[in-house]
Amino acid sequence: PAPGARGGQFRGETGAGGGRGEGVAEGRWQAWGGVGRCGVAVRLWDRSKGNGGLTQSVPPLPLPGDTPSPRHTEIAVSRLISAMLDEGSKHSDLRAKLFGGASLFPVAKVSQGVGASNVRAAVAALKEHRIPLLAQEVEGKSGMVIRMDTGLGEIWLRRISSTDAA
């Protein structure tokens with residue numbers, strides 16, 4: 001099992017908290033991740049198989065000249081969905097939750113920041129794939145630490161302020 005795993009198996013490009021990317025875990029597995037001030041995390045869960053995955057990403061889309069990768073929100077969400085389907089999940093059983101997207105830099109409106117753009121990109125990717133978004137804890141001015149129980153699909157989160165990181 002991956003570091004921090006309690007039973008089950010983890011397959012994916014990166015382990016939760018080990019960088020940007022996605023991964024799927026079967027069985028009771030605790031996935032941890034930190035979402036910085038403008039990044040987002042998408043939790044997918046298969047309610048019938050009891051497995052799930054977590055992705056962390058920033059920025060929303062590749063800029064001109066960038067190589068597309070799972071660190072980009074739309075790509076990360078699409079790849080996580082594909083990974084879940086490859087593991088035998090049915091599209092109709094997938095459910096999502098969305099976290100993060102806080103404002104890193106001062107902007108005239110929160111809706112103009114990188115974090116808000118990441119939230120919009122994640123929501124758009126989920127809509128494109130017709131995955132229901134059950135809950136979201138987004139925007140604000142602080143990052144968060146997320147823990148996911150992939151067996152139950154439950155999320156625990158703790159907001160972190162800039163003083164926590166010091």
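Position 1 is the first residue of the sequence; numbering continues from there.
Taking every heavy atom of both residues into account, Ala102 and Ser142 meet most closely at CB-O, 3.4 Å. Across Thr73 and Ser57, no two heavy atoms sit closer than the pair OG1-OG, 3.0 Å. Residues Glu139 and Ala116 share a closest heavy-atom pair of OE2-CB, 3.6 Å.
Rounding to the nearest 0.5 Å places CG of Leu94 at 11.0 Å from NE2 of His129. How far CZ of Arg159 is from CD1 of Ile146: 9.5 Å, rounded to the nearest 0.5 Å. How far CZ of Arg79 is from CG of Asp86: 10.5 Å, rounded to the nearest 0.5 Å. Between the OG1 atom of Thr55 and the CG atom of Leu44 there is a distance of 8.5 Å, given to the nearest 0.5 Å. Taking CD1 of Ile155 as the start and CZ of Phe99 as the end, the distance is 4.5 Å to the nearest 0.5 Å. Atom NZ of Lys97 is separated from atom CD of Gln136 by 12.0 Å, given to the nearest 0.5 angstrom.
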Could you go through His72 and Asp66, starting from their C-alpha distance and side-chain angles, then the distance that decides it, and tell me whether this counts as side chain to side chain contact (heavy atoms under 4.5 Å, CB included)? CA-CA 10 Å; His72 299 103; Asp66 279 356; 4.0 Å; yes
Take Asn51 and Met84 through the test side chain to side chain contact (heavy atoms under 4.5 Å, CB included) and record every step on the way to the result. CA-CA 8 Å; Asn51 70 354; Met84 296 283 293; 3.6 Å; yes
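Just one of Val40, Asn118, Leu98 meets the side chain to side chain contact (heavy atoms under 4.5 Å, CB included) condition when paired with Val138; it is Leu98.
Without hydrogens or angle criteria, Lys90 side chain to Ser48 main chain gives no donor-acceptor distance under 3.5 Å.
Looking at Ser117 and Arg120, their side chains do bring a donor and an acceptor atom within 3.5 Å of each other.
Following chains of ILVMFWY side-chain contacts shorter than 4.5 Å, one can reach Leu133 starting from Val119, so the two form part of one hydrophobic cluster.
In this structure, Arg95 fails the cation-pi test against Trp45, since its NZ or CZ atom is not both closer than 6.0 Å to the six-membered ring centre and inside 45 degrees of the ring normal.
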